[in-house]
Structure formats: C-alpha cells, structure tokens
**Student:** 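Before I ask anything, here is the structure I am working with.
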Amino acid sequence: MIKMTMFLKRKAGMSHEDFVKHHIEVHGPKFRSIPEAQTHCRRYIQTHPVELKTDAAQNANFDGTAELWFDSEDGMHAVLTSDTYQNVVFPDEKTFLDHNNTLILVGEQVEIIGDFREG
C-alpha cells in the first residue's frame, strides 16, 4: 500500500472558508467519481485546521491536507492519469488550489499505534 499526503494551499483571492467548503462539497465528490479510484484508492481523508486552545501544538500555514491510500504505485498512476482525473478533477483543482505552494509526499505508512492495543 502507498500513501499520498498533500499539504494544501488555497488559490490567491479565495477565503479559507470558501476553500474548505469547495474541498469538501465539490472536489471530494469529483475525486470519488473517478472509476479507477473505485478500484485502486483504498481511503481518502481531508483535514482542515481548527483554532487550537492549547499551545502544545501549532498549525502550519496550510489550508488543509488530503490523504489518499492506494493499493500500489501502479494504482496511484492509474487514478492520476485517468480520463476523469485529467478532465474533471485536475481542472477543478485549478479553481481552488495554489499548486505551486502545495506539497506532496508519497510513501509507505508505518503504523506505530493502531486500533488494537494490548493491555
């Protein structure tokens, strides 16, 4: 399994609130509509920062993250080169993302603490 984590920045001139609304209500469903994603994408999670009441941690200056788990690198390639991604999803990204300041990390996930805890 391979995981893609994207640290997202909104397009200039767009409010953070509008970015979050578009990301959840428009972009998520568009990505979900990719036929190849039904086969190869195991999970897709969006996270958007909240105002923290503690100083134990600080949010970085990003508008959100997208985490996508694929069955393999080939599966990721199939999704990201699909007709639906290229003609529907990617053009939508241009309407709300600042691609030049969005970071992408692709790697294998190592579980340190999971659902099952011995005790």
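Start at 1 with the first residue, then count along the sequence.
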**Student:** Restricting to non-hydrogen atoms, name the atom on A66 and the atom on Y44 that form the minimum distance, rounded to 0.1 Å.
**Tutor:**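 For A66 versus Y44, the nearest heavy atoms are CB-CE1, 3.9 Å.
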**Student:** Looking only at non-hydrogen atoms, find the nearest pair between L80 and M4 and report the distance.
**Tutor:**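 So the minimum-distance heavy-atom pair works out to CD1-CE, 3.6 Å.
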**Student:** Any heavy-atom pair between the side chains of H40 and D74 that's under 4.5 Å?
**Tutor:**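 D74 does not reach H40 side chain to side chain.
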**Student:** L68, L103: one ILVMFWY side-chain cluster at the under-4.5 Å cut-off?
**Tutor:**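 No, it is not one cluster - the side chains of L68 and L103 are not joined through contacts under 4.5 Å.
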**Student:** Taking everything shown except N87 itself, do over 12 heavy atoms lie less than 6.0 Å from its CG?
**Tutor:**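 Above 12, so yes.
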**Student:** Going through the checks in order, is the side chain to side chain contact (heavy atoms under 4.5 Å, CB included) test met by L8 and H48?
**Tutor:** CA-CA 9 Å; L8 309 171; H48 305 98; 5.9 Å; no
**Student:** Of all the heavy-atom pairs spanning G107 and I2, show the shortest one and how long it is.
**Tutor:** O-CG1, 3.5 Å
**Student:** Could you pull out all residues at least two apart from E73 that satisfy side chain to side chain donor-acceptor pair (under 3.5 Å)?
**Tutor:** none
**Student:** Which heavy-atom pair separates D63 from H16 by the least distance, and what is that distance?
**Tutor:**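 Scanning both residues, the minimum pair turns out to be OD1-ND1, 2.9 Å.
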**Student:** Got a list of side-chain donor-acceptor pairs under 3.5 Å for residues 26-36, not counting sequence neighbours?
**Tutor:**
unit_1: H27; atom_1: ND1; unit_2: D92; atom_2: OD2; d: 2.8
unit_1: S33; atom_1: OG; unit_2: K30; atom_2: O; d: 2.6

**Student:** Testing the basics here: between H99 and E93, what is the closest heavy-atom pair and its distance to 0.1 Å?
**Tutor:** NE2-OE1, 2.9 Å
**Student:** For side chain to side chain contact (heavy atoms under 4.5 Å, CB included), just list the numbers for F96 and K21, CA-CA rounded to whole Å, side-chain angles, deciding distance to a tenth of an Å, and then say yes or no.
**Tutor:** CA-CA 10 Å; F96 77 106; K21 182 176 175 66; over 6 Å; no
**Student:** Given side chains that start at C-beta, do those of D71 and R42 come closer than 4.5 Å, heavy atoms only?
**Tutor:**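 Yes, at least one pair of side-chain atoms sits under 4.5 Å.
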**Student:** Work out which heavy atom in F62 is nearest to a heavy atom in N101; give both atom names and the distance.
**Tutor:** CE2-O, 3.8 Å
**Student:** Look at atom CD of Q58 and say whether more than 12 heavy atoms of other residues, nucleotides or ligands are closer to it than 6.0 Å.
**Tutor:**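 Count not over threshold, so no.
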**Student:** For I45, which residues count as a side chain to side chain contact (heavy atoms under 4.5 Å, CB included) partner, sequence neighbours excluded?
**Tutor:**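 Here the qualifying residues are R43, T47, E67, W69.
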**Student:** In Å, rounded to the nearest 0.5 Å, how long is the span from CE of M6 to CD of Q46?
**Tutor:**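 Interatomic distance, M6 CE to Q46 CD, rounded to 0.5 Å: 11.0 Å.
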**Student:** Using the rule that two of Ile, Leu, Val, Met, Phe, Trp, Tyr join whenever any of their side-chain heavy atoms come within less than 4.5 Å, decide whether I104 and F19 are in one cluster.
**Tutor:**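 Same hydrophobic cluster.
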